[in-house]
Protein chains: 2
Amino acid sequence: MAKQPAPTVRTAITPRREDDFPEWYQQVIRAAELAEPSDVRGCMVIRPWGYAIWENMQRQLDAMFKATGHKNAYFPLFIPLSYFEKEAAHVEGFAKECAVVTHSRLEVNAEGKMVPASPLAEPLVVRPTSETIIGASYAKWVQSYRDLPILVNQWANVVRWEMRPRVFLRTTEFLWQEGHTVHETETEARDETKRMLDVYEEFVRDHLAIPVFSGEKSESERFPGAVQTLCIEAMVQDRKAIQAGTSHFLGQNFSRASGIQFQTRDGKQEFGWTTSWGMSTRLVGTLIMAHADDDGLVLPPRIAQTHVVIIPISPKEETRAPVWEAADKLATELRRQTCFNLPIEVEVDRRDLGGGIKNWEWIKKGVPVRVEIGPRDLESGQVSVSRRDQPVKSKQLVAAADLAGRVPELLESIQASLLQRAQQFRDANTRVINTKEEFYDFFTPQELGKAEIHGGFALAHWSGSREIEEQVKSDLKVTIRCIPFAPANGMPNDSGICIFSGAPSPQRVVWGKSY
Amino acid sequence: MAKQPAPTVRTAITPRREDDFPEWYQQVIRAAELAEPSDVRGCMVIRPWGYAIWENMQRQLDAMFKATGHKNAYFPLFIPLSYFEKEAAHVEGFAKECAVVTHSRLEVNAEGKMVPASPLAEPLVVRPTSETIIGASYAKWVQSYRDLPILVNQWANVVRWEMRPRVFLRTTEFLWQEGHTVHETETEARDETKRMLDVYEEFVRDHLAIPVFSGEKSESERFPGAVQTLCIEAMVQDRKAIQAGTSHFLGQNFSRASGIQFQTRDGKQEFGWTTSWGMSTRLVGTLIMAHADDDGLVLPPRIAQTHVVIIPISPKEETRAPVWEAADKLATELRRQTCFNLPIEVEVDRRDLGGGIKNWEWIKKGVPVRVEIGPRDLESGQVSVSRRDQPVKSKQLVAAADLAGRVPELLESIQASLLQRAQQFRDANTRVINTKEEFYDFFTPQELGKAEIHGGFALAHWSGSREIEEQVKSDLKVTIRCIPFAPANGMPNDSGICIFSGAPSPQRVVWGKSY
């Protein structure tokens with residue numbers, strides 16, 4: 001909600017962010033053709049324009065995983081119920097939201113109706129996460145300290161039955177990666193947990209242009225079965241938090257449950273120390289909520305599937321050929337350039353539609369740079385260039401001959417400006433709070449425009465008490481997003497007094513409402 | 001079973017191909033750590049070495065799909081039973097092998113046992129293929145001829161309950177891609193069906209070094225609901241066929257079932273013409289069965305995750321440093337080279353194990369080129385180079401300074417020799433057959449070594465009668481693999497007389513036993 005247009009300006013998306021943020025989010029997704037709901041409750045269809053974003057996320061994250069020594073593998077979709085039960089906290093955490101396969105066939109019954117048949121001896125759970133099924137393999141792979149570390153990642157779909165689905169952010173089926181590692185020592189496993197969180201932080205900040213708070217979850221927000229859960233938390237434009245990635249130190253809990261044991265250097269038997277970490281299609285939703293505006297999606301260049309769209313505008317038949325030719329020439333020159341070590345992806349929009357219609361379509365789809373070229377531009381040797389991070393009407397004339405040379409720096413500048421804007425927005429809406437009263441005021445929704453909005457993130461002292469967390473959650477729907485590693489936001493982070501109880505507090509923690 | 005070692009030669013894989021082909025296949029997979037069975041019936045774990053092959057297949061096929069104008073998307077894992085029933089032949093074809101989700105929660109019952117809870121109003125089928133669920137989206141996307149063609153592909157997991165699973169070749173869950181397209185005219189859809197089969201043929205031949213027969217399936221082997229099924233058929237080393245990829249022309253059957261309708265250029269409403277086409281992790285099994293030998297996996301360089309392994313051999317501590325240094329230098333030089341337009345992937349095996357052990361491990365893993373370097377090689381300025389497509393003991397001394405320059409052509413030569421070998425094997429085991437008696441003889445297993453083996457592929461005239469197909473299948477377990485487009489194998493393919501019935505036959509068809 002950084003810069004709001006005056007109410008008289010027509011925007012491409014209705015409603016605007018300030019009027020109805022949740023509905024605006026749906027409309028951005030619809031207008032950009034990113035995804036759509038399906039008739040399967042809580043399951044979405046990811047359309048090509050949305051899936052291309054996920055493909056880029058995958059490719060870039062995968063390269064980061066491989067650079068840190070991880071390899072990919074693939075484990076079964078189905079988990080036998082008996083596996084799932086091996087870790088008590090784990091099954092308790094996921095039992096309420098499982099898709100359960102109970103039959104292996106369909107048949108037509110006496111009434112002519114098709115019904116499930118051949119009941120399974122043991123029900124199968126569609127994986128909500130894969131610690132237990134992967135653990136069963138690791139128990140076979142690991143015999144000796146020489147087999148360690150195991151550094152494996154899986155790209156997969158997972159299912160968690162959602163009662164209140166929201167496209168990308170919370171869907172019954174979603175796509176993700178899950179890293180699962182086994183280490184010889186606790187220290188190595190803890191280092192891995194942090195290393196992968198750092199990879200996530202870097203990816204989200206440098207690729208998606210979203211600043212995050214990174215830290216540890218409080219006990220009540222931990223992954224079921226984990227000893228420690230680390231996370232990165234982003235703020236989106238309605239000032240709510242989105243947990244954008246988590247990395248879990250699992251201690252020996254899961255290796256004990258799955259029997260992952262190894263012979264140590266001094267000949268003893270020990271359980272392996274394991275970690276797991278994941279990021280999902282939720283990131284696409286985070287990206288939309290962080291950067292899109294009242295005219296639609298805004299893609300950071302580094303994750304965009306198309307960096308530049310060239311729109312030849314030639315209403316008259318007789319000028320069409322030279323304009324198209326010039327557009328193709330520009331595209332060819334641009335495709336020879338690279339940015340962020342990647343080739344620049346260019347699309348030439350040759351469809352037989354009006355220039356305005358085409359232009360608005362690419363605005364709504366969030367392409368970083370739009371280039372319009374018409375008959376008069378040919379004469380002047382110039383093209384008109386628009387940046388998606390700047391107001392829709394603002395254009396810059398650039399000599400056609402200079403365009404290819406200037407686009408890489410233009411893309412870098414857009415990437416940097418989106419990060420800066422998101423950072424400024426977050427900082428402006430993150431407050432150091434020292435009293436319970438101010439805290440409650442901060443999180444009590446205020447009318448802002450036509451929508452209700454709360455303050456944002458609060459940095460406040462907390463004694464460590466779980467009861468306080470529960471009280472605050474029940475009063476305000478506010479939770480501890482993380483116990484930050486570093487002093488958050490350049491703000492004081494030394495010890496103090498819990499604003500709720502007056503008990504000593506070792507540090508300020510980050511509070512917020514969340515998706 | 002091309003070149004068999006004399007019985008006295010020890011091989012790395014026991015049993016050898018000629019002794020027990022199915023068991024040999026399992027042992028190659030185990031020795032190369034490609035995959036393993038899981039405790040979930042029929043579901044496999046794809047281990048990193050196996051998954052890396054699939055990743056390369058994905059990357060290369062995906063580039064070919066994009067080059068032919070296709071984009072990726074993602075559709076739900078679950079298909080409502082009512083969708084699935086929309087196309088009668090389709091549901092009949094898949095009903096016998098479906099995983100069915102019937103509950104959305106687990107709970108502990110009165111006896112303290114965890115059981116499925118919250119039954120679903122409508123059961124969900126875990127997708128065995130996605131025509132119906134994708135059709136539901138396409139019905140929304142397509143309004144006018146202007147929206148066509150729709151050219152979309154999905155990379156996904158699918159589930160078909162398997163009673164007799166075999167790793168990679170036939171598993172309950174497998175990974176695949178499925179293309180689904182909609183076209184304005186029948187001709188365009190038929191062209192697309194053939195275009196994608198050609199992509200498959202090119203990929204399998206030029207990337208996997210496996211020649212195929214391509215053609216049409218007979219009616220009895222068609223995809224449930226298709227008007228026409230095209231396929232490519234490979235021969236593996238026990239002379240059986242593997243269907244390596246299929247492309248279906250679906251006519252208007254599925255668009256009618258899903259309501260994919262559009263306004264034509266002259267303002268009428270018409271159903272779209274659809275296609276679907278797929279390739280799966282079955283290809284990994286095909287690759288193994290086509291190229292592996294009695295010492296383990298043999299990877300065609302173009303699909304190999306590691307092209308060259310460098311094995312520094314330095315039993316004495318004092319020579320270790322210079323040997324390792326020389327190995328690293330070679331690796332750096334090699335990584336600067338490309339082959340098949342891809343960077344050359346090199347691994348240096350620094351593990352503290354004997355040279356022989358390391359060497360055999362890489363042989364079993366199928367790496368195309370092995371380079372050994374020891375203290376004496378340093379003095380002579382040479383390294384010892386072994387090609388995986390040649391006998392294990394054969395080595396070639398190459399000047400270290402020349403290695404990097406020579407490896408690209410070496411890899412190309414291995415790729416070519418594997419294709420040639422597979423082609424020769426197939427041709428030698430494909431016979432033109434003109435009488436029923438010879439046909440039955442050809443397919444009656446003969447003792448060959450310790451195993452029983454049949455002739456291979458037969459090219460024989462057939463009248464087109466379904467009854468004959470059924471008789472031959474019941475007598476010999478032999479089916480028509482395809483009705484080839486081109487005269488198969490350079491053999492005569494003109495019209496003639498059905499060898500079973502004496503009725504006229506328009507052309508010879510390819511018969512074989514199959515996986």
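Convention: sequence-line order gives letters A, B, ...; per-chain numbering from 1. What you see below is based on every heavy atom in this structure, not just the backbone, and it leaves out hydrogens, waters and symmetry mates.
For the pair Pro48(A)/Val152(B), a side-chain contact is recorded, criterion being any heavy-atom separation below 4.5 Å from C-beta on. Contact annotation: the side chain of Val40(A) never approaches that of Tyr83(B) to less than 4.5 Å [non-hydrogen atoms, C-beta and beyond]. Annotation: side chain of Val126(A) is in contact with side chain of Leu77(B) (closest heavy-atom distance under 4.5 Å). In this structure, the side chains of Leu120(A) and Arg41(B) stay at 4.5 Å or more apart for every pair of heavy atoms.
For Ile133(A), the part lying near chain B is the side chain, with the backbone staying farther off; criterion is any non-hydrogen pair under 4.5 Å. Only the side chain of Leu175(B) has a heavy atom closer than 4.5 Å to any heavy atom of chain A. Neither the backbone nor the side chain of Glu107(A) comes within contact range of chain B; no heavy atoms are under 4.5 Å apart. For Val108(A), no part sits under 4.5 Å from any heavy atom of chain B, backbone or side chain. Contacts between Pro123(A) and chain B at a heavy-atom distance below 4.5 Å involve the side chain alone, from C-beta outward. The contact between Pro37(B) and chain A is made entirely by backbone atoms, counting heavy-atom distances below 4.5 Å. Contact annotation for Glu85(A): only side-chain heavy atoms (C-beta onward) come within less than 4.5 Å of a heavy atom of chain B. Residue contact with chain B, scored on non-hydrogen atoms closer than 4.5 Å, is absent for Ala136(A). There is no contact between Gln154(A) and chain B, counting heavy-atom distances below 4.5 Å.
The shortest non-hydrogen separation linking Pro116(A) to Val100(B) is CG-CG1, 3.9 Å.
Results of the salt bridge (charged side-chain N to carboxylate O under 4.0 Å, His left out) test with Glu55(A) over Arg59(B), Lys71(B), Lys66(B) single out Lys66(B) as the only residue that passes. For the pairing with Tyr74(B), the side-chain contact (heavy atoms from CB on, under 4.5 Å) check across Glu173(A), Met44(A), Arg47(A) returns one residue only, Glu173(A).
Applying the 6.0 Å contact sphere to CZ of Arg30(A) captures no more than 12 heavy atoms from other residues, nucleotides or ligands.
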